[in-house]
Amino acid sequence: DGGITQSPKYLFRKEGQNVTLSCEQNLNHDAMYWYRQDPGQGLRLIYYSQIVNDFQKGDIAEGYSVSREKKESFPLTVTSAQKNPTAFYLCASMAGASGNTIYFGEGSWLTVV
Amino acid sequence: AQKVTQAQTEISVVEKEDVTLDCVYETRDTTYYLFWYKQPPSGELVFLIRRNSFDEQNEISGRYSWNFQKSTSSFNFTITASQVVDSAVYFCALSETSGSARQLTFGSGTQLTVLP
């Protein structure tokens, strides 16, 4: 089936540790995104990538890093510099130009313990 | 700057009632796209509809209907004869065509609870 796969679904991290969330898509979409959602709030853009080997910061990029070495993969690393990383993280992708539909993965819950 | 406002934080209805979710947007672009997504308790965002700014025709899909009015910058979503399975958070979103592909802005969402 075509779609966006995020893993792991649930992740616990100790303070001071980096953690990487995986996002893979087989939709042949050019653009990929990472959003963060806090309880009772909307989505905020962390990073996005329109083509391989290129990515741009979103509204809340501090404490996060990404890579786009392959078209189908866009992993997100939550670093120890992120002061409040506990949240729900959603990966998304879009075909073609701006304005097309953005499709989302099932999300990853990150909890810092 | 673009902005999406969903003033209704939470709505509760009894099954079979009709319910309308409001969405008001702000943009300086003349060409833009509006979206509605559903987020059930499992967390994933499910795409419901995409509408471009040049198409003000209302759309109906089963029990769902959307009313787009440029004059009031609104894109409201109505569920007819609501069901318990409609319980979810619903997000309205706006995408401008100017600038980069990052220009997708979400409202804060409306939590809809349909009671049996």
Side-chain angles (χ1 to χ4, degrees), chain A residues 3-11 21 23 27 29-51 54-61 66 68 74 87-110, chain B residues 1-11 21 23-25 27 29-55 59 88-113:
Chain A
I4 302 170
T5 302
Q6 290 186 238
S7 63
K9 178 70 173 179
Y10 300 95
L11 187 60
L21 306 179
C23 178
L27 302 168
H29 285 174
D30 297 303
M32 296 188 73
Y33 307 79
W34 275 104
Y35 287 89
R36 169 178 171 145
Q37 186 180 22
D38 293 283
Q41 298 187 30
L43 281 70
R44 292 183 291 170
L45 183 64
I46 304 172
Y47 267 98
Y48 67 103
S49 168
Q50 293 179 263
I51 57 173
D54 185 57
F55 48 84
Q56 284 78 41
K57 294 181 179 180
D59 300 315
I60 55 167
V66 294
R68 187 87 187 274
F74 191 43
F88 186 53
Y89 292 88
L90 284 156
C91 179
S93 69
M94 181 182 75
S98 175
N100 285 332
T101 299
I102 292 181
Y103 295 95
F104 286 83
E106 294 186 345
S108 294
W109 291 95
L110 173 61
Chain B
Q2 58 186 23
K3 183 180 179 181
V4 177
T5 301
Q6 295 180 257
Q8 304 152 308
T9 305
E10 297 181 19
I11 301 176
L21 309 181
C23 174
V24 175
Y25 62 91
T27 178
D29 276 14
T30 56
T31 303
Y32 51 89
Y33 295 84
L34 295 163
F35 302 82
W36 275 95
Y37 288 87
K38 173 183 180 179
Q39 187 176 43
S42 55
E44 79 273 21
L45 260 71
V46 178
F47 165 73
L48 297 177
I49 189 172
R50 168 176 170 263
R51 173 71 55 179
N52 75 58
S53 54
F54 294 108
D55 184 2
E59 181 158 340
V89 180
Y90 290 86
F91 290 98
C92 180
L94 167 69
S95 174
E96 295 178 334
T97 55
S98 61
S100 63
R102 65 179 290 245
Q103 299 298 331
L104 182 67
T105 300
F106 284 85
S108 56
T110 297
Q111 170 72 60
L112 173 64
T113 301

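Computed from a predicted model, the values in this text were never measured in an experiment. A note on names: the letters A, B, ... follow the listed sequences, proteins ahead of strands, and every chain is numbered from 1. Only this structure's heavy atoms are used, side chains among them; waters, hydrogens and symmetry mates stay out.
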Test log, rule side-chain contact (heavy atoms from CB on, under 4.5 Å), inputs Q37(A) and F106(B): CA-CA 11 Å; Q37(A) 186 180 22; F106(B) 284 85; over 6 Å; no
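- By the side chain to side chain donor-acceptor pair (under 3.5 Å) test, S42(B) is found to be paired with E44(B), residues two or more places apart in sequence or in another chain being considered.
- For the atom pair L45(B) CG and I4(A) CD1, the distance stands at 10.5 Å (nearest 0.5 Å).
- Interface residue Q41(A): only backbone heavy atoms are found under 4.5 Å from chain B.
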Derivation of the side-chain contact (heavy atoms from CB on, under 4.5 Å) call for Y37(B) and T101(A): CA-CA 11 Å; Y37(B) 288 87; T101(A) 299; 4.2 Å; yes
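- In this structure, chain B has a heavy atom under 4.5 Å from the side chain of L90(A), while its backbone stays farther away.
- For the options R44(A), E106(A), K9(A), Q6(A), heavy-atom pairs under 4.5 Å to chain B are most numerous at E106(A).
- Within the 4.5 angstrom heavy-atom criterion, only side-chain atoms of Q39(B), from C-beta onward, approach chain A.
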